[in-house]
Structures are given as C-alpha cells and as structure tokens.
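Here is the structure we will look at.
Chain A is the first sequence line, chain B the second, and so forth, proteins listed ahead of strands; every chain is numbered from 1.
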There are 2 protein chains.
Amino acid sequence: MREPSHPETAAIELTRVLYALSDPVRLDVVRQLDREGEASCTALDRGRPKSSMSHHFRVLRDAGVVRTRCEGTAHMNKLRREELDRRFPGLLDAVLARDQRHNQGQK
Amino acid sequence: MREPSHPETAAIELTRVLYALSDPVRLDVVRQLDREGEASCTALDRGRPKSSMSHHFRVLRDAGVVRTRCEGTAHMNKLRREELDRRFPGLLDAVLARDQRHNQGQK
DNA sequence: TCGTTAGTTCGAGTAGAGTCGAACAAGCGA
DNA sequence: TCGCTTGTTCGACTCTACTCGAACTAACGA
C-alpha cells in the first residue's frame, strides 16, 4: 500500500469537490477532519464498515478534498485546506461554517 | 401546469444544494442565471433536449437553488440568491466566483 | 515468522441518476 | 377552436454510486 495518488491543486475540479461534499457520510468526515485536524480512517468511521469508508475516502481523495498519508498500517487523512482555499476561495468556509450553525442553532 | 412546489428557505439542505451544483449541466444553468437574472428553460438549454433540461430544473428546484414562476407557457427561472445567501452565507459566491475565474483564467 | 491491525479490492446487490424520444398538458393568439 | 409553443411526464436504457461481506495486502511487534 504505497501512498495513494492525489490530484494536483490545479487539477481539482469544482464539480467533483461539490459532488464529494454532497454525501452526508463524506460531509461528516470532512467536518470531523476540520475539527480534529488529522485522523485515521478508523477514527472517523463512526462504526461503519471499513469497505464503505474506504470507498468514501477514495472519493474525497480523488476529488482533492483530503490528502492521505501512510503511517505504519494506518492511513492518516487531513483536509487539503490551504489548497482548496486557494483554488476555491470561501468554499470550504461556507460549507463548514454553515455546518456549525446548523448543528448549533437549529438542532 | 400550476406553479411547481419549492422548499422553504429553512428546509433547504446543504447536501442537496451541493449535489444539485455538482452536475456540469446544472452548474452551467446556475452560472447563466447568475449572469442573466431570470430566464426561461429554453433560453438556458444550449440545445439540449427538453426532457433532459426539465429533469435538471427539477433537481435545482427541489434542492431550493432556483425558483420557477409560470408566465404564459413559459417557465421563468431565477436563482434563489438571497435565500441561499442567508442560509449558506458565502456558498454561492464561492461557487460562482470560482467559476468565473475558471472560465477566464483557464480557457 | 506468526498474529494483529488497518485499509484496499472485489463482487454482488440495490437504488438512483442522466439521457432522450414520445406522448401529454396548458396557455396563448389567430 | 385550432395550432403553436413551452414544459412536464413517462418509459426505457445505461451508468454510476452506495453498501457490505469476504478475501487480500502491508506494516508492525512479539
């Protein structure tokens, strides 16, 4: 299991990012990464099967939303914050900020 | 063909909006609406079949991204800008701003 | 080297999208 | 009322996603 491939910043596509973020499970993962910084796949699965999570991480990786780094047997994931901010200024802020308001104010 | 139903502002869901915007055809429609204000379905179809466009407008409507108003036989669509801005501040700006940069800088 | 742990890959099942032609419905003008 | 125009709905097709168990692979420690 060598380091998985990631798109370069310039190759990150808006529609793919939006698509990656449009799934509740993946949005949840992104939220957690935003709060907790870097985390392994298992730490973010909330009890969901490994194979399902592996699928979602792949989508997030391929879209350029997260970067995965191998550390022993664990795969550490983190948001590609700066790169995304540079490429789509304000997008992640809007998605995640809204999220917090949603969690606090509405529920 | 009475006025189609639209979700209330408070009922607009982030994941559905992101999903609606993640399709190139729909994103293109949203771009055009952003530039041109209000427009009929035909004016935005770029030669695509009516049934396909009808599908996309439905997705955009159901997600709360556009509002459709009947005017004679035509259906006029417009972005629900203010409502979206209120519910997800900065989201549409990020999506559309990036869009323009993309169109200008890259193409 | 043998487990153990952490993820990936595969395969199958199910559901949902996008595409498009054809038929339908509604409003308008002649 | 008869067309014409504009969209919607329906049905069929194809493709892709999500889900999850099972098998596999890689790294680490004892």
From D:dT6, C:dT9, D:dC18, nucleotide with atom closest to B:Thr73 side chain: D:dT6
With respect to the side chain of B:His75, which nucleotide from D:dT8, D:dC20, C:dG18 is positioned closest? D:dT8
Are any of the side-chain heavy atoms of A:Arg46 and A:Gln32 separated by less than 4.5 Å? yes
Starting at CE of B:Met53 and ending at C1' of C:dA17, how long is that distance when rounded to a whole Å? 15 Å
Compare side-chain N and O positions of A:Arg58 against OP1 and OP2 of C:dC10 and report whether any pair is under 4.0 Å apart. no
Between A:Val95 and B:Phe88, is there a side-chain heavy-atom distance shorter than 4.5 Å? no
Once you round it to whole Å, what is the distance between P of D:dT5 and CG of B:Asp45? 15 Å
Report the residue from A:His6, A:Glu38, A:His75 that forms a side chain to side chain donor-acceptor pair (under 3.5 Å) with A:Arg69. A:Glu38
Are side-chain heavy atoms of B:Arg67 and B:Glu83 found at a separation under 4.5 Å? yes
Among D:dC20, C:dG18, C:dA22, find the nucleotide with the atom closest to the side chain of B:Asp23. C:dG18
Think A:His55 has a side-chain N or O under 4.0 angstrom from the OP1 or OP2 of C:dT8? no
Would a 4.5 Å heavy-atom cut-off, applied to side chains only, mark B:Thr15 and A:Asp23 as touching? no
Euclidean distance, atom CG of residue A:Asn77 to atom C1' of C:dA6 [Å, nearest integer]: 12 Å
Does OP1 or OP2 of C:dG18 have a side-chain N or O of B:Arg26 closer than 4.0 Å? yes
B:Leu44 has an atom CG; how far is it from atom P of D:dT6, in whole Å? 13 Å
With DNA chain D as reference, determine whether A:Pro49 or A:Gly72 sits nearer its 5' end, using the nearest nucleotide of each. A:Pro49
Listed nucleotide nearest any side-chain atom of B:Tyr19, set C:dC20, D:dT6, C:dA17: C:dA17
Between atom CZ in A:Arg69 and atom P in D:dA26, what is the gap in whole Å? 20 Å
Under the 3.5 Å rule, do the base of C:dG21 and the side chain of B:Ser51 count as making a donor-acceptor pair? yes
Measure CZ/B:Arg48 against P/C:dT19 and give the value in whole Å, please. 8 Å
